[in-house]
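For ligands, and for the atoms within them, numbers begin at 1 and follow the listed sequence. On a predicted model such as this, the values are computed, not experimentally measured, just so you know. Heavy-atom basis, side chains included; hydrogens, waters and symmetry copies ignored.
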Amino acid sequence: MDRESEANGLGIATWLARIGNARASATHPSTEPLFQTSVYDFESLEQLDLVQDGGQVGFTYARMGHPNAATLEEAVARLEGAEAGCACSSGMGALSAALLAVLESGTHLIAARGIYGGTSALLVCELARLGIEISFVDIADLKALAEAITPRTRLVLVETLSNPLMQLPDLTAVVQLAHQSGLQVLADNTLATPWLMPLQVSGADMAIHSVTKFLGGHHDLMAGVVVGSSELISRVRRVASNLGQYAAPFDCWLACRGLKTFALRMQRHCQNAQRVAEFLQEHPAVKRVYYPGLPSHPQHELARRLLKQGSGPMVSFDIDGGESAVEIFVRHLSAIPLSPSFGGVNTTFSYPLKTSHRSLSPQERNLCGIGPGLVRLSVGIEDWQDICADLQRALAPVDAR
Ligand SMILES: *Cc1c(COP(=O)(O)O)cnc(C)c1O
């Protein structure tokens, strides 16, 4: 089950469990300490020069780099099969740093329609104002993608697994088309995570993560990361430092602690999600389940080909009866909280109509396929029977109406 690790012959779970341990100092702490300092001292002007020019490993000022961020960057870059990474203060910080590293006034960006609400707000409210032109296209329609490309287009922005309908773009085809036209591809890999879709498989030029979600994995931090080639990441680092988007030590420390169990958690998230999806599919109160691991998913075959380690940690489903049925369901859930995020160890649910897709008009929501009965589960690592039992208690009164 473990993905083979290229370096040192170690399995992923092994080196994840040892993250940061090698950076231990002369005092030999067993795990990497928190470097809660904003600035670093120097013995001489010569040493200051050496560190700033990269001739000696070291850090100067935490807005530009610090040990806890370096450990997070190395770990995520390695998971993704990328050369380098840049840790940011949030997923949005990572996304905006990556976009501004590539785009400038007068350039054009193509984004997948139905992308995360925060992302479309960033594009429409902020980037457009800076003179960056944006087109939204149905990323499953390669012809529409090709037609949207103009001489000013620089970048295609896609999600490797979409939220909340769990759609998979045919990334190989999208990347091929983009590269043929001289464009770069930026993948938001937050939902699929490098466990399912590492950069070296997707072929994108850069990936971003909301580390807040599955990489951190415990609902206790905010961070983001961008990974890609050393050349691209050095530009991202400059933007993140100049705009003050770099990550803080404590969040990176928590993220590295969370990452130690990432392989274990993802295996369990995916196993549980598959079981929950199968349970929901059989339930009479559920109209439709959106999960790539079910044969009923339109991209089941593509998912089997691409997602070798499981079919994802999240499941969405349509409750028969729309908003009033969802209200009954919510009232009868006892252990699964309504929590408008995802990626923690406990199962949570969100209601896209009132959370991630709240700002869209009914027509826009229809275009994205988000109905009033749609519920999204972030399946946790509990015993799956307990997750299904809570869902059963909440769905039974919907069915009995
Ligand atoms: C949450 C999320 C983000 C933003 O991340 P933050 O850490 O909340 O800033 C970006 N993309 C996707 C797909 C997300 O789910």
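Between F317 and F329, the two ring planes are perpendicular [angle over 60°; tilted spans 30° to 60°].
Where the criterion is an N or O separation shorter than 3.5 Å, residue side chain and backbone included, G91 meets it with respect to ligand 1. Considering backbone and side-chain N/O atoms, T119 never comes within less than 3.5 Å of an N/O atom of ligand 1. The N/O atoms of Y116, backbone and side chain alike, include none that comes under 3.5 Å of an N/O atom in ligand 1. Where the criterion is an N or O separation shorter than 3.5 Å, residue side chain and backbone included, K213 meets it with respect to ligand 1. Looking at M92 next to ligand 1, an N or O pair under 3.5 Å apart turns up.
For atom 13 (C) of ligand 1, the closest non-hydrogen atom of the protein is D188 OD2, 3.4 Å. Looking only at heavy atoms of the protein, atom 8 (O) of ligand 1 is closest to M222 CE, 3.7 Å.
Taking the centre and axis of the six-membered ring of F349, the NZ or CZ atom of K354 falls outside the cone set by 45° and 6.0 Å.
Across H332 and A394, no two heavy atoms sit closer than the pair CB-CA, 3.6 Å.
Per-residue contacts place F342 under 4.0 angstrom from the following atoms of ligand 1 (heavy atoms of the residue considered): 15 (O). Taking a cut-off of under 4.0 Å to the non-hydrogen atoms of T212, the atoms of ligand 1 that pass are 7 (O).
Between the side chains of Q167 and H297, not a single donor N or O lies within less than 3.5 Å of an accepting N or O. Q245 and S89 form no side-chain donor-acceptor contact under 3.5 Å, judged by distance and modelled atom types alone. Using modelled atom types and a 3.5 Å distance limit, the side chains of T355 and S350 yield a donor-acceptor pair. No side-chain donor-acceptor contact under 3.5 Å links Q184 and H179.
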